[in-house]
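Since the structure comes first, as structure tokens, the remarks are kept for the end.
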Amino acid sequence: MAKKLRILIAKPGLDGHDRGAKVIARALRDSGMEVIYTGLRQTPEMIAEAALQEDVDAIGLSILSGAHMALVPRVVDLLKAQGQAGLPILLGGIIPDEDIPVLQGHGVAAILGPGTTTDAVVAAFERAVAGAAPKS
Amino acid sequence: MSLLERILAGDRLSLARLLTQIENEDPEGFQTLSSLFPRTGRAHLVGITGAPGTGKSTLVNRVAQTLRARTGAAVAIVAVDPSSPFTGGALLGDRIRMRDLSGDPGVFIRSMASRGALGGLARTTAAVVDAFDAAGFGWVLIETVGAGQAEVEIARTAHTTLVVEAPSLGDDVQASKAGILEAADLLVVNKADLPGADNAVRALQSSLELAANLRPVWDHHGRLEITEVEPAGQPAWIPPVLKTVATLGEGIPEVVEAIRSHRIHLEGSGGLKRRDRERLSAEVHALLGERLLEQFLSSGRGPELGAALERVVAREASPREAIEALLGRT
């Protein structure tokens, strides 16, 4: 059995707009990936825990609440503490331009804003996983 | 430290990595699992099956919480969802209903895609369950793909099989059909706050009274009594029919108590050993079939098999005749 990419799609924070996350989950599924969708209002702790238990190859976070500067670094830190520092994180939602370099500095692999096609999202996940350090 | 040692030391990431190796049928993963195998056979395996949308995940969430609170033992959940037969992709959404379990280090949830298997589980689900068992989880809850009528593979994998129904899914004839209901050790009518719940309970109960492993006899007061026909004169287990509203947690303590009673029944009646043997026997036979086929194909007789297939396609031989001819000439 060929290795399947396993992707966690999560919505941290308090906004209830999950249409985007569901569209992304569906697009990744249709490209042949196994997508674990965890639903709304996840804490960074819940996301890191799910990423560990499911041993995913990448995490997609969807944030429209404006809380990305608080939530994303917290997820990054928790993954580091687990020994999963190299796990790619991709971010979607409403992210102001000036925050992008800061988030990239935290190690976010790609930031995909409004207007990104689903094909581009699939390609971004494939690229991020291919470019990640092998799991120990 | 090796992966094996780290798992035995309780490292959760290492366990997660092993589960991935097993799922990918990686020889290294199977080797680790073989080293762990002597430690298996201690966990109680509970299968949860039923039609899509009956509330299996929500029920698993509640049952796991109650098991944690009452027994203190660690709980593993293996949740299987279907893979697309067209793209091979899967959307695994069972965790959505299990958020209450987050933050408890004594709970480990693993989602699995069915990857083409049709029995309601993935090919490697039993091996993943073995890994949890060996890693010291006292309870393993296995949630199947939303299953219809004949996906009874779970009954071979689990010690206690829980079949979840919801009101208004069918009449009493549906309840009498062969298949999944016969595999049930416990029947749960979930969403019992919806109309039709009592009818569903009645239909299931009357179906159980007609079940083949029970022998109804009229006692001299004209009462119907059900007596057992289990081997060795042990009392039979009569599957209870329980009502739950899993979203509200109603009826969950009764489900957990029924699971524990069933475990005690299995221990007392010798059923535990019998089920364990049946499960391992099915696994050994399936593996033997696979390996014999591999051996055949790698013995240079692949072309013969190809020629036999051509004869079948041309309707010159039936599949049965072609295989007989192939094996007769060994």
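Lettering follows sequence order; numbering is per chain, from 1.
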CG/A/L14: more than 12 non-hydrogen atoms of other groups inside 6.0 Å: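 No, the 6.0 Å shell around CG holds no more than 12 heavy atoms from other groups.
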
For a quick check under 3.5 Å, do [X] and [Y] share a side-chain donor-acceptor pair by atom type?
X	Y	result
B/R110	B/T20	yes
B/E143	B/S57	yes
B/S102	A/E49	no

Checking [X] against chain B: side chain, backbone, both or neither under 4.5 Å from a heavy atom?
X	result
A/Q82	backbone
A/R6	side chain
A/M46	both
A/I9	neither

Residue, of [options], that accumulates the most heavy atom pairs under 4.5 Å with chain A:
options	value
B/S84, B/G89, B/A90	B/A90
B/G103, B/S111, B/S14, B/G88	B/S111
B/D11, B/I109, B/L19, B/L3	B/I109

A/K135 side chain vs A/D55 backbone, donor-acceptor pair below 3.5 Å: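 Yes; at least one donor-acceptor contact below 3.5 Å.
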
Heavy-atom pair with the smallest gap, counting every atom of A/I94 and A/P114: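 Smallest heavy-atom distance, with atoms named: CD1-CG, 3.9 Å.
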
